[in-house]
Structure formats: C-alpha cells, structure tokens
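Below: one structure, written as structure tokens.
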Amino acid sequence: MIRRITYLLPLCVLLLGNCAQNDVVVPGLDDPKPREVSISFEGNYVNSATHNTNNLYAHHKTMGVWAWCNGMWNNNTPILNNHIITYNENSSAWTYSPTLLWNKGGHYTFFAYAPHNHQSDASVSIDSQTKMLQINNVALHGHNLQNTPSNTMKDSFMDSPDVDWMIDRNGHYAQDAESMNIVFTLQHILAKLNISIQACDKLMASSCISAITADSIIVSALPAQGNFSQKLTDTPALSSPNDDTTEEWTTHSPHLNIKGTNPGNITKEPTYLIESLLLPHATSTESIITIYYTFHYSDGEKEECRYRMPLTEAFPRFISGHSYTITYTIYPDQITYLTNILEW
C-alpha cells in the first residue's frame with residue numbers, strides 16, 4: 001500500500017501544477033504564429049477600354065511595380081522596386097518572385113506601369129516623394145495595325161512592335177489588407193491616330209466607275225522619340241485648360257512616317273487604312289497627310305489622283321490618352337473629311 005502511494009503522489013503534484021499555471025502563455029500553443037498572407041495582384045483594369053477589351057493582359061503580359069510600407073525600414077526605401085509582375089496564362093494570374101507577405105498594421109502604397117521596361121530600351125523611374133513616374137527614351141517605329149483591308153479596327157495591340165505605354169496615375173493604397181488583392185487602373189499615356197476613307201453615294205452609284213482604290217496613305221514628319229514626365233493624376237481632359245497646357249511629354253526626332261495601303265476597293269463604308277500610336281505633341285506644319293487613290297473606269301481606263309493636307313488642319317495637338325480619327329470621303333471633284341476625338 002505504501003508503494004502505491006509513492007507512485008501516485010508525483011502524478012497528483014503534476015496535475016495540481018498544471019491547474020495553477022493555466023494563465024501562462026505557451027509559445028506556439030496559446031500564442032500561435034500569425035497566418036502568413038502573400039501580397040497578390042489581379043484583374044488589372046485598363047481605363048477607357050481599347051478595342052472593347054479592358055484587361056491589361058490583353059495588351060501586355062508584364063507590369064513594373066513599386067511598393068512602400070510605412071514602418072518597414074526607411075519609408076523612402078521601396079519593398080518592391082520596379083519589380084516585374086508577369087501574367088501567367090496557364091493559371092490566369094499575375095505572379096512575381098520572391099513573394100512578399102502582408103505586414104499586419106502596415107500602410108501600403110503601390111504604383112505600376114506596363115509593360116515592364118525590360119521589353120524595350122526605355123528607362124522608367126519613380127520619384128519616392130511625389131510618386132510621379134518618369135519614362136525616358138520612348139521610341140515609336142510607325143507600326144500600322146491596319147495592314148489588311150478592314151471596315152473595323154483590329155482587336156488588340158498584341159502584334160504591334162510599338163509599345164502602348166500605360167501607367168496607374170493614382171496608385172493603390174492599402175491598410176491591414178491581408179485579404180485584399182491589389183488591382184491597378186492603367187491609363188494610356190500615348191495618343192492614337194486612326195484614318196479611314198470612304199466614297200460618296202454618287203460615286204458608288206455611277207455606272208462609269210467600276211472601282212475606286214486607295215493605293216496608299218502617308219503621314220509624315222511625326223516625332224519618333226520622347227520622354228514622359230508625369231504631372232497629372234488623371235488622363236488629361238480636353239475640356240480642362242490646365243490639363244491642355246500641362247506638358248508631360250518632350251519629343252524630338254521628327255522623322256517618323258506612317259504608311260497605310262489597301263489593295264481592296266473603297267466602299268461607302270469607312271475602311272481604316274491607318275491605326276497607329278503617336279507621341280503626344282503639338283502638331284508641326286511639316287507633318288503632311290498624303291493620299292494616293294485611283295478611279296477605275298468601266299471602259300478600262302483609270303485616273304490616278306493625289307490629295308495632300310497639313311495634319312494641323314485636322315488636329316493642332318495630340319495629348320495623352322486620346323484617340324484621334326479622320327474620316328475622308330471621296331467625291332467626284334474633291335475630298336472632304338470629318339474628325340473625332342475620344343478619350344482612350
């Protein structure tokens with residue numbers, strides 16, 4: 001009996017000890033490690049949809065991202081520094097490495113542009129204080145998306161060697177956002193020029209004319225290179241005098257020519273011959289639009305014609321984030337045109 005008491009006493013002491021220490025924090029049990037949640041990006045949206053698609057991955061597969069978190073290191077030292085974020089088509093997700101985790105209680109700011117500058121010769125930077133973006137050595141090559149006859153514009157910019165630069169002008173702010181995915185709103189910072197041509201009803205009804213062809217159209221002396229320095233937090237508005245006079249672009253090398261051809265016949269519906277990106281700039285009087293077109297007569301004869309006009313007559317200025325359209329109409333003795341400008 002004494003032997004049994006000797007074995008039970010230590011057990012009782014242990015049980016009493018556990019009861020007395022219920023309020024003691026046991027690391028890893030009473031204070032488990034906080035759940036780690038990664039910072040992720042998704043569904044990035046292009047403001048003012050282009051060609052009826054407003055998802056960034058329809059334009060570019062990469063972004064460059066800066067991010068800051070108050071309370072982590074120096075506030076001016078980004079936790080993401082022009083980091084490349086890539087769209088994975090297999091998973092339909094934006095990915096990057098190494099993955100960052102949300103810092104509970106942190107105040108985050110994110111800024112982005114697209115595509116990441118490793119895809120071009122341009123250099124991109126951001127002011128750590130103002131969070132305004134700078135893109136230098138932007139170059140255009142006069143690529144024309146309208147290489148084949150079409151009455152409607154093509155669906156995307158994916159085949160274009162000219163980079164359709166976009167930025168998030170306001171950035172994205174997050175606090176204690178452990179379950180939030182970062183979504184940027186991207187805005188175009190280039191302009192776009194569209195030129196279409198059509199024939200009037202009288203010509204189309206004429207029995208003397210079998211066809212009218214637009215042999216080529218050339219827009220000359222456009223700037224080929226430029227630097228962008230962000231000054232506005234939204235796409236410049238045509239209705240705002242302040243926006244219209246704010247210079248975010250400096251351009252040079254005015255030797256870019258854009259050419260469009262159309263082997264098909266002109267109809268009474270607009271056929272787009274040119275759809276090209278432009279550097280925003282004040283139009284020079286040296287920029288000329290030249291249209292070569294031909295009347296094909298029923299007797300087998302043909303008449304080759306040329307029409308020229310300064311680009312300044314249509315648009316004295318191109319500003320960021322806007323699409324400029326000229327629609328020419330051929331008449332028996334003249335050509336007229338209409339213009340249109342839309343936020344892009």
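- Salt-bridge annotation for Lys192 and Glu343: absent, with no side-chain N of the basic residue lying under 4.0 Å from a carboxylate O of the acidic one.
- Judged as a side-chain contact (heavy atoms from CB on, under 4.5 Å), and not counting sequence neighbours, the contacts of Ala139 are Gln225.
- A donor-acceptor pair under 3.5 Å is formed between the side chain of Gln230 and the backbone N or O of Leu133.
- Ile266 has its side chain within reach of Ile330: a pair of non-hydrogen atoms, C-beta onward, lies under 4.5 Å apart.
- Side-chain contact between Met166 and Asp164: present, with at least one pair of heavy atoms (C-beta onward) separated by less than 4.5 Å.
- With sequence neighbours excluded, no residue forms a side-chain hydrogen bond (donor to acceptor under 3.5 Å, both in side chains) with Ser125.
- By the side-chain contact (heavy atoms from CB on, under 4.5 Å) test, Thr327 is found to be paired with Ser196, Gln198, Pro270, Thr325, residues two or more places apart in sequence or in another chain being considered.
- Within the 4.5 Å cutoff, side-chain heavy atoms of Ile189 are placed close to those of Ile135.
- A donor atom on one side chain and an acceptor atom on the other are not found under 3.5 Å apart for Ser320 and His188.
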(request) Could you check Tyr293 against Tyr307 for ring pair (Phe, Tyr, Trp, His ring centres under 6.0 Å), going step by step and ending with a plain yes or no? (result) CA-CA 8 Å; Tyr293 61 102; Tyr307 170 86; 7.8 Å; no
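- By the side-chain contact (heavy atoms from CB on, under 4.5 Å) test, Tyr331 pairs with Cys200, Thr329, Asp333, Gln334, Thr336, sequence neighbours left out.
- A salt bridge links Lys61 with Glu89; the closest basic N to acidic carboxylate O contact falls under 4.0 Å.
- Under a 3.5 Å cut-off, the side chain of Asn227 and the backbone N or O of Asn137 do form a donor-acceptor pair.
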(message) Assess the residue pair Thr213 and His296 against the criterion (side-chain hydrogen bond (donor to acceptor under 3.5 Å, both in side chains)); give the C-alpha distance rounded to whole Å, side-chain angles, the decisive distance to 0.1 Å, and a yes or no.
(response) CA-CA 8 Å; Thr213 56; His296 299 264; 3.0 Å; yes
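- Annotation: side chain of Leu256 is not in contact with side chain of Pro223 (no heavy-atom distance under 4.5 Å).
- Evaluation of the side-chain hydrogen bond (donor to acceptor under 3.5 Å, both in side chains) rule for Tyr328 yields no partner, not counting sequence neighbours.
- Residues passing the ring-ring contact (aromatic ring centres under 6.0 Å, His included) test with Phe111, sequence neighbours excluded: none.
- Judged by distance alone, with hydrogens and angles left aside, the side-chain atoms of His60 form no donor-acceptor pair with the main-chain N or O of Thr62 at under 3.5 Å.
- Gln187 places no side-chain N or O within donor-acceptor distance of the main-chain N or O of Asp168, the cut-off being under 3.5 Å.
- Ring centroids of Tyr173 and Tyr108 are separated by 6.0 Å or more, keeping the two rings apart.
- By the side-chain contact (heavy atoms from CB on, under 4.5 Å) test, Leu100 pairs with Ile39, Ile79, Leu80, Tyr96, sequence neighbours left out.
- Annotation: side-chain hydrogen bond (donor to acceptor under 3.5 Å, both in side chains) contacts of Thr294 (sequence neighbours excluded): Asp215.
- For residues 201-210, no residue pair satisfies the side-chain hydrogen bond (donor to acceptor under 3.5 Å, both in side chains) rule, not counting sequence neighbours.
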(request) Could you check Asn194 against Asn340 for side-chain hydrogen bond (donor to acceptor under 3.5 Å, both in side chains), going step by step and ending with a plain yes or no? (result) CA-CA 10 Å; Asn194 314 293; Asn340 188 34; over 6 Å; no
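- Aromatic pair His141/His143: ring centres not closer than 6.0 Å.
- Defined by atom type and a distance below 3.5 Å, a donor-acceptor pair is missing between the side-chain atoms of Asn82 and Trp66.
- One N or O on the side chain of Thr95 and one on the backbone of Thr86 form a donor-acceptor pair closer than 3.5 Å.
- Here Tyr297 pairs with Glu303 under the side-chain hydrogen bond (donor to acceptor under 3.5 Å, both in side chains) rule; sequence neighbours left out.
- Among the candidates Phe41, Phe184, Tyr87, the single residue satisfying the ring-ring contact (aromatic ring centres under 6.0 Å, His included) test with Trp94 is Tyr87.
- Put simply, the side chain of Gln134 reaches to within 4.5 Å of the side chain of Ser229, judged on heavy atoms.
- For His322 and Trp344, the ring centers sit 6.0 Å or farther from each other.
- Listed for the Thr233 side chain is no donor-acceptor partner under 3.5 Å among the backbone atoms of Asn170.
- Among pairs with a residue in residues 208-233, those fulfilling ring-ring contact (aromatic ring centres under 6.0 Å, His included) read Phe228-Trp249, at least two apart in sequence or across chains.
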(request) Tell me, with the steps shown, if Ile217 and Lys259 meet side-chain contact (heavy atoms from CB on, under 4.5 Å). (result) CA-CA 6 Å; Ile217 181 168; Lys259 183 177 181 180; over 6 Å; no
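- In this structure, Lys231 places its NZ atom where more than 12 heavy-atom neighbours from other residues, nucleotides or ligands lie under 6.0 Å away.
- Within the structure, side-chain hydrogen bond (donor to acceptor under 3.5 Å, both in side chains) pairs that include any residue of residues 280-290 comprise Thr290-Arg308 (at least two apart or interchain).
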